[in-house]
Amino acid sequence: MEDLRNKYLELVSGAADEAALEELRVQAVGKKGEISLKMRELGKMTPEERQVMGPKLNALKDEINSALAAKKAALADAALDARLKTEWLDVTLPSRTRRQGSIHPISQVTEEVTAIFADMGFAVAEGPQIETDWYNFDALNIPGHHPARAEMDTFYTHRAEGDNRPPHVLRTHTSPVQIRTMEKTGAPIRIICPGRVYRADYDQTHTPMFHQVEGLALGKDISMANLKWVLEEFFSAFFGTHVETRFRASHFPFTEPSAEVDIQCSWEDGQVKVGEGNDWLEVLGSGMVHPKVLEAGGIDPNEYQGFAFGIGIDRLAMLKYGIPDLRAFFDSDLRWLRHYGFASLDQPTLHGGLAR
Ligand code: DAH
């Protein structure tokens, strides 16, 4: 009996898992287990022997059963401990913030500009960023010898040796889309064209790639007065306050007459505020479309006339959102993007509001 007891207590204490314990239980106290068989032998004993052996066997059975139960509980505890160790979480750590993407200020301002002009009946037109020099220059009344070509610091594509066609250019402005639209739809026209443009220039307010929005309105009796109203309407909607404008006589090859437009602003401690103060900031070029440009676009200048303008989108974004350096727009610095970016669900609309 003592041997049986030692054997099973040792086996139970060394059991590796629940399955091993179950096997031991069957082997010891199951129906045909070693101890159960011993209990059956009680019947063959004398009553005196039985009186001694009976309680002893019962006690042994109980002892083994409780050893099995205790070991089972211990195994379960150990399994739980092991699980808790791997699933451990330091709840005192600061929570992890979700890094969400944001809308770039250029995209945001482009959407704002588009919403305002759409409200005034302007559709969005597009053109290629790699242009022929005809669309980028000649058709806009900028012939080969014209100083504007040199002034614009144009990027030219490379032609293979022996290929004498004029090289393509990275468009230096969005104005070529005027010509493309005239060719495509004819007059009347009311479009804006936001997009990327390129010039070899780099400092705090210039990057080799930047953004413009072109405007073009052609009709039978469109005048400078319409241009002025449209632009004043635009600036007031865009900046969310009445903005005084100043039209200065200027010169562009593709317009006659031409005007540069300034908006009213104040400078304080190097900070510019639009819509107040006694200073002026130049923000766009504009004018009445030159008859030669209409002709280049296949439109009869005796029948149609209209205005055009070109605004720098990046400049608008810097002014409205107080962003001091243009170069940072294109550095892809995540800290900058998180600071100046916009929530992706804040779609600018005229009724929902344009500014954040
Ligand atoms: N294309 C000019 C530029 O990039 C801007 C401009 C001026 C566009 C006058 C126009 C315009 O449509 O009428 O500097």
Side-chain angles (χ1 to χ4, degrees), residues 113 117 122-129 131 133-143 146-155 169-182 187 189-201 205-219 222-232 234-235 245-263 281-297 299 301 304-316 326:
V113 170
F117 280 108
F122 286 77
V124 172
E126 287 185 311
Q129 294 174 39
E131 261 300 3
D133 65 346
W134 190 80
Y135 280 109
N136 194 77
F137 294 122
D138 299 82
L140 291 161
N141 196 28
I142 312 173
H146 198 282
R149 289 206 183 197
E151 275 162 30
M152 279 194 177
D153 304 309
T154 312
F155 286 113
V169 302
L170 297 189
R171 68 178 180 196
T172 57
H173 49 182
T174 42
S175 303
V177 185
Q178 288 189 29
I179 309 295
R180 289 184 174 274
T181 309
M182 290 180 207
I189 288 177
R190 219 189 284 182
I191 54 120
I192 56 164
C193 165
R196 292 183 172 172
V197 299
Y198 303 84
R199 290 180 203 177
D201 212 350
T205 52
H206 296 90
T207 49
M209 184 279 296
F210 60 105
H211 301 80
Q212 289 186 337
V213 58
E214 192 79 11
L216 175 68
L218 297 182
I222 290 182
S223 73
M224 270 314 251
N226 301 121
L227 169 67
K228 190 158 194 274
W229 182 85
V230 163
L231 291 177
E232 283 176 351
F234 165 71
F235 286 119
T245 53
R246 185 172 74 171
F247 284 63
R248 262 185 303 106
S250 180
H251 174 264
F252 298 104
F254 27 88
T255 45
E256 181 59 39
S258 305
E260 281 177 309
V261 179
D262 305 335
I263 54 175
L281 201 75
E282 185 198 318
V283 284
L284 66 84
S286 64
M288 296 301 289
V289 181
H290 197 291
K292 282 194 180 167
V293 173
L294 293 172
E295 268 168 7
I299 286 173
Y304 285 103
Q305 61 180 14
F307 63 76
F309 57 84
I311 315 179
I313 292 182
D314 320 70
R315 168 69 73 87
L316 286 182
L326 176 62

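Order of appearance sets the numbers: ligands from 1, and atoms from 1 within every ligand. Just so you know, these numbers use all the heavy atoms, side chains as well, and skip hydrogens, waters and symmetry mates.
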[X] heavy atoms, cut-off 4.0 Å: which ligand 1 atoms fall inside?
X: Phe252; answer: 7 (C), 9 (C)
X: Ser175; answer: 1 (N), 8 (C)
X: Gln178; answer: 12 (O)
X: Gly287; answer: 13 (O)
X: Thr255; answer: 13 (O)

Within-cut-off N or O pair, Ala308 and ligand 1, under 3.5 Å: yes
Can you confirm, on distance only, whether ligand 1 has an N/O atom lying under 3.5 Å from any N/O atom belonging to Thr172? no
Using modelled atom types only, decide if a donor and an acceptor are shared between the side chain of [X] and the backbone of [Y] within a distance under 3.5 Å.
X: Arg315; Y: Glu282; value: yes
X: Asn136; Y: Thr172; value: yes
X: Asn141; Y: Pro253; value: yes
X: Glu256; Y: His290; value: no
X: Gln212; Y: Thr174; value: yes

Among Pro176, Gly310, Gly312, which residue places a heavy atom closest to atom 5 (C) of ligand 1? Gly310
Heavy-atom nearest neighbour of atom 4 (O) of ligand 1 within options Arg171, Glu214, Arg199: Arg199
Decide yes or no for Leu294 and Leu218: does some side-chain heavy atom of the first lie under 4.5 Å from some side-chain heavy atom of the second? yes
Neighbour count >12 (heavy atoms, 6.0 Å) for atom CD, Glu295: yes
How far is atom 2 (C) of ligand 1 from the closest protein heavy atom, and which atom is that? Phe254 CZ, 3.8 Å
Identify the residue among Ile179, Thr255, Val289 that makes a side-chain contact (heavy atoms from CB on, under 4.5 Å) with Leu140. Ile179
Please work out whether any backbone atom (N, CA, C, O) or any side-chain heavy atom from C-beta onward of Phe309 is under 4.0 Å from ligand 1, and answer side chain, backbone, both or neither. backbone
If we only consider heavy atoms of Gln212, is any one of them less than 4.0 Å away from an atom in ligand 1? yes
